[in-house]
Amino acid sequence: MINFRPAMISDSEVIADFNCRLALETEQKTLDSSTVREGVLRGLKLAPEVRYFVATIDDAVVGQIMLTREWSDWRNGWMVWLQSVYVRSDCRGAGIFRGLLEYSMEQVKSEGNVVNARLYVEYANDAAKATYRKIGFVDAGYEVMEMPLTTY
């Protein structure tokens, strides 16, 4: 049985581990695990701007999603960004991501004034794109650009 819940501080180690796995699997990047652990712990303390949700099976975390908020003056509401989406490899294909998404969206919508959800995905990650399209995401017509202000 899969359960969904907001993440707790006690989940920080597994979330950090999943984030490191995610970077390696999707971008072939090896992250500094201590930086990631610190980032997860800080994120867990920044609600409601940052919210983590986890999926568990028999109390073991098997999936995660992080939502961050961005204010849209054009829409007079919050846009939530999906980030750090990860499902343990042996649990993929069981509806965990869909369940996490539905659960987390219900949680943030209940807080009010959420107008849409967005995400970014690597250009070459066709499997992820197909999954996102299948559940209702569409191309927003933007490219994400960044200006690094520090190294990581």
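- Contact record, V115 with G77: CG1-CA, 3.8 Å, taken as the closest heavy-atom pair.
- In this structure, S104 and L101 approach most closely via the heavy-atom pair OG-O, 3.1 Å.
- Using a 4.5 Å heavy-atom threshold, the side chains of D11 and Y52 count as separate.
- Summarising the geometry, atom CD belonging to E25 is positioned 3.5 Å from atom OH belonging to Y86; distances are rounded to the nearest 0.5 Å.
- Atom CZ of R75 has more than 12 heavy atoms from other residues, nucleotides or ligands within 6.0 Å.
- Residues I2 and I96 meet the side-chain proximity criterion, which asks for heavy atoms closer than 4.5 Å.
- For the pair F97 and V87, the tightest heavy-atom approach, listed with the atom from each and the gap, is N-CG2, 4.0 Å.
- Side-chain heavy atoms closer than 4.5 Å link hydrophobic residues (I, L, V, M, F, W, Y) into clusters, and following such links, possibly through other members, connects I9 to V40.
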Subject >> From CA spacing to verdict: side-chain contact (heavy atoms from CB on, under 4.5 Å), V121, F137 >> reply: CA-CA 11 Å; V121 61; F137 281 86; over 6 Å; no
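- By the 4.5 Å heavy-atom criterion applied to side chains, E111 and V80 are not counted as neighbours.
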Subject >> Step-by-step side-chain contact (heavy atoms from CB on, under 4.5 Å) determination, V61 to R5 >> reply: CA-CA 10 Å; V61 175; R5 62 171 172 77; 4.1 Å; yes
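- Residues M147 make up the rest of the hydrophobic cluster containing L149, defined by ILVMFWY side-chain heavy atoms closer than 4.5 Å, directly or through other members.
- Atom CD of E143 sits in a sparse spot, with 12 or fewer heavy atoms from other residues, nucleotides or ligands closer than 6.0 Å.
- Transitive grouping of hydrophobic side chains (ILVMFWY, heavy atoms separated by less than 4.5 Å) keeps W81 and V50 in distinct clusters.
- In this structure, OG1 in T131 is found 9.0 Å from CZ in R98, a value given to the nearest 0.5 Å.
- The two residues N76 and N113 make their nearest non-hydrogen contact at O-OD1, 3.1 Å.
- Here the straight-line distance linking atom CD of Q83 with atom CG of L67 works out to 8.5 Å at 0.5 Å rounding.
- The two residues V36 and C20 make their nearest non-hydrogen contact at CG2-SG, 4.0 Å.
- A chain of hydrophobic side-chain contacts below 4.5 Å, direct or via other Ile, Leu, Val, Met, Phe, Trp or Tyr residues, connects V54 to L41.
- Summarising the geometry of L100 relative to Q64, their closest heavy-atom pair is CD1-N, 3.4 Å, with the distance given to 0.1 Å.
- Taking the six-membered ring for Trp and thresholds of 30 and 60 degrees, W71 and W78 have ring planes more than 60 degrees apart, a perpendicular arrangement.
- Every pair passing ring pair (Phe, Tyr, Trp, His ring centres under 6.0 Å) that includes a residue from residues 103-129 is listed here, sequence neighbours excluded: F53-Y103.
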